[in-house]
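Since the structure comes first, as structure tokens, the remarks are kept for the end.
Each ligand, and each atom within it, is numbered from 1 in the order the structure gives. Values below: every heavy atom of this structure, side chains too, minus hydrogens, waters and symmetry copies. Heads up: numbering here begins at 1 and tracks the sequence. The shown structure was predicted, so the numbers you read here are calculated from the model rather than taken from an experiment.
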Amino acid sequence: MLAKDAVIRFVFESLPVRGALVQLESTWQRMQRDHDYPDPVAEVLGHAAAATALIAQSLKFDGTVTLQIGGEGPLRMLVMQSTDNLDLRGMASAQDTAGDMKFADLVTGARCAVTVDSGAMERPYQGIVAISPDSLAASLENYFAQSVQVPSHLQLACNEVLCGGILLQQMPGQSPTLEDDWRRLGILAKTLRVGDLADGASHELLHRIFAEDDVRAFKPREARFRCRCTQQKVEEVLRLLGEEETRTACEEQGTVEVTCEYCGRLRTFDAVDVARVFTEQPVSGSDSLH
Ligand SMILES: [Zn+2]
């Protein structure tokens with residue numbers, strides 16, 4: 001069973017280890033469409049997309065996972081989000097010098113935050129780790145070990161066509177995994193290359209990677225690019241910008257244009273719209289107002 005833009009969960013029948021395999025193709029291409037990312041930045045963004053989908057697929061409630069990288073380094077900011085339904089969006093912003101940098105230089109001094117947000121929870125859960133100079137995967141392995149206390153192996157892969165990865169986690173509350181087996185599974189997971197995912201994620205690929213193990217794989221779940229920007233949220237941004245500044249911009253240019261950094265959608269406000277935005281009372285915490 002081959003599945004593009006999909007996550008396949010699996011368990012090892014004889015070891016207390018579970019995992020997930022992800023392949024993102026049209027999702028990943030759509031994410032890059034309105035941007036001209038230098039190669040090293042695109043690679044981190046692709047790795048982030050795969051990793052965020054792998055974290056979000058494990059949520060047992062309606063929620064959103066947000067992976068953020070920020071710091072003083074050439075990669076100024078990266079944001080990647082996935083809902084538990086695997087609706088993804090993400091973007092990055094980097095200095096012009098990022099074009100031929102190694103990962104370690106790109107993320108100098110940066111930190112990586114993973115936020116899990118749910119309507120059911122009072123407060124979002126956030127874990128923050130320093131970025132490992134080795135890779136985003138190594139940084140997130142540290143996050144899983146320190147913040148979630150779940151030993152994990154993570155392998156991420158990316159080119160301009162597709163991105164993907166594999167996550168292995170020891171199951172909490174079960175007898176500890178034999179160290180040799182855990183190390184062996186990690187080494188096998190790290191053999192995943194972007195070329196292995198060219199045709200999609202598949203049960204066959206899992207059986208090929210873990211050829212000696214009894215792997216039970218579940219039905220693929222579809223992932224897609226979906227931006228959740230709304231007219232209301234953009235109007236909130238204008239309110240934050242302030243009435244005077246917005247009116248001045250509108251007078252100078254005739255309209256105010258706001259482009260969503262995630263999906264590229266352009267929203268135009270003329271003088272009448274701007275007047276409405278600043279006279280209407282915003283309804284906070286609701287998307288029902290359009
Ligand atoms: Zn958008």
Do the side chains of [X] and [Y] join up, straight or via other hydrophobic residues, at under 4.5 Å, putting them in one cluster?
X: Met77; Y: Tyr37; result: yes
X: Leu240; Y: Val256; result: no
X: Val114; Y: Val150; result: yes

With sequence neighbours excluded, residues passing side-chain contact (heavy atoms from CB on, under 4.5 Å) with Thr97: Pro74, Gln95, Met101
In total, how many protein N/O/S atoms does one find closer than 2.8 Å to the Zn ion (ligand 1)? 4
Here's one to test your reading of the geometry: is the NZ or CZ of Arg89 within 45 degrees of the ring axis of Tyr262 and under 6.0 Å from its centre? yes
Passes ring-ring contact (aromatic ring centres under 6.0 Å, His included), Phe12 versus Phe210? Steps please. CA-CA 9 Å; Phe12 292 86; Phe210 304 107; 5.1 Å; yes
